[in-house]
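So the structure is just underneath, and the comments pick up after that.
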Protein chains: 2
Amino acid sequence: MDEVLGFDPYNPDCPSRQLVDRIGDRWTILVIGVLSDGPARHGDLARRVAGISPKMLSQTLKGLERDGLLTRTVQPTSPPHAIYELTERGASLGPLLLAVENWARTHMQDVLDARHAFDEAAPR
Amino acid sequence: MDEVLGFDPYNPDCPSRQLVDRIGDRWTILVIGVLSDGPARHGDLARRVAGISPKMLSQTLKGLERDGLLTRTVQPTSPPHAIYELTERGASLGPLLLAVENWARTHMQDVLDARHAFDEAAPR
DNA sequence: CGGCATCCCAATTGATACTG
DNA sequence: CAGTATCAATTGGGATGCCG
């Protein structure tokens, strides 16, 4: 009772598969998570999404901009400022991803325990 | 108002980062999506998650089993049957991922349009 | 049929350094 | 400060082939 409305991520040829792929890349969830708190500059993002390289950040942002999930506004001041802000569409995705993030936080310990038990049971 | 409860995916050294990574791999979302409809056999999954290779399917399933998100039950019948079923924990994640899937389906056309417009505006 | 192991290629990723 | 270019390292992931 599901894939009846045109797009079906379960079909590898369907473009919506790309969307699932994008959402599921290492950084998209985190970047959108940060922007869900409000607009941020390139540097803010780099700081808050600890561990991301400038390259991946740019790449991720560009992809999201292309998909119309966020807007990029450059202020040509002396030190240039670039502001990223979620569009309405991007904002609509935010809560879903935050829910996932939150799930991860909530269940992390259980998962850690499960892994431990699993590794004990089947050593190598 | 967020990362105050022990685990913080924004910290690259936090194990919850791995969870986000796992959720965000190409297949986890789809596999859990299928299993949210009920238990399924290896072959069922291979068929419904079109495009996945047996290797990646096994790998994904093993990882999810290790994390305690699903159980694997083998029936040593003549042709062996392996049944995969979400645990309670896995089932709790299902709806969140289905929501994301559904979002992808709903907004795919808009995203496609946005991409087109973006590519027009900035050729190359 | 389920599924594990090996090999191998290609696409991603990351560190770093450099330019506007 | 924002963003890009280059290069090296990693790894995702497909194809096969072999066992239970």
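The chains referred to below are lettered A, B, ... by the order of the sequence lines, with proteins before strands, and numbering in each begins at 1.
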Under 4.0 Å, heavy atoms only, any strand: does B:P54 hit a base, just the sugar-phosphate, or nothing?
nothing
Does B:R41 use its side chain to pair, donor to acceptor, with the backbone of B:A82 at less than 3.5 Å?
no
From CG of B:D21 across to P of D:dG12 the rounded distance in Å is 10 Å
With sequence neighbours left out, which residue pairs that include part of residues 22-31 of chain B fulfil the side-chain hydrogen bond (donor to acceptor under 3.5 Å, both in side chains) condition?
B:R22-B:D67, B:D25-B:T28
Closest non-hydrogen atom pair, B:E101 against B:I29
OE2-O, 3.8 Å
Scan A:S58 against the nucleic acid and name what it touches under 4.0 Å (heavy atoms): base, sugar-phosphate only, or nothing.
base
Closest non-hydrogen contact found for A:S36 with A:G94 is OG-CA, 3.7 Å
If only atom types and distance count, is the side chain of A:T87 paired as donor or acceptor with the main-chain N or O of A:G90 below 3.5 Å?
yes
For the student: nearest non-hydrogen atoms of B:D8 and B:S16, plus distance
C-OG, 3.4 Å
Check nucleotides 13-15 of chain D against the protein and report each pair of N or O atoms closer than 3.5 Å, with its distance, or say if there are none.
{"unit_1": "D:dG13", "atom_1": "OP1", "unit_2": "B:R26", "atom_2": "NE", "d": "3.2"}
{"unit_1": "D:dG13", "atom_1": "OP1", "unit_2": "B:R26", "atom_2": "NH1", "d": "2.9"}
{"unit_1": "D:dG13", "atom_1": "OP1", "unit_2": "B:R26", "atom_2": "NH2", "d": "2.9"}
{"unit_1": "D:dG13", "atom_1": "N7", "unit_2": "B:K55", "atom_2": "NZ", "d": "2.9"}
{"unit_1": "D:dG13", "atom_1": "O6", "unit_2": "B:K55", "atom_2": "NZ", "d": "3.3"}
{"unit_1": "D:dG14", "atom_1": "OP2", "unit_2": "B:S53", "atom_2": "OG", "d": "3.0"}
{"unit_1": "D:dG14", "atom_1": "O6", "unit_2": "B:K55", "atom_2": "NZ", "d": "2.4"}

Could you check if a side-chain atom of A:L45 sits within less than 4.5 angstrom of a side-chain atom of A:H42, using non-hydrogen atoms only?
no
Rounded (10°) bend between the five-pair end axes of the helix from C:dC1-D:dG20 to C:dG20-D:dC1:
40°
Give the minimum heavy-atom separation between A:L57 and A:A46, together with the two atoms involved.
CD2-N, 3.7 Å
On DNA chain C, reading 5' to 3', which nucleotide is the first and which the last to sit with an atom under 4.0 Å from a heavy atom of chain A, could you check?
C:dT13 to C:dG20
ring-ring contact (aromatic ring centres under 6.0 Å, His included): which pairs involve residues 89-109 of chain B, sequence neighbours left out?
B:W103-B:H107
The side-chain hydrogen bond (donor to acceptor under 3.5 Å, both in side chains) partners of B:Q109 (sequence neighbours excluded) come to B:D113
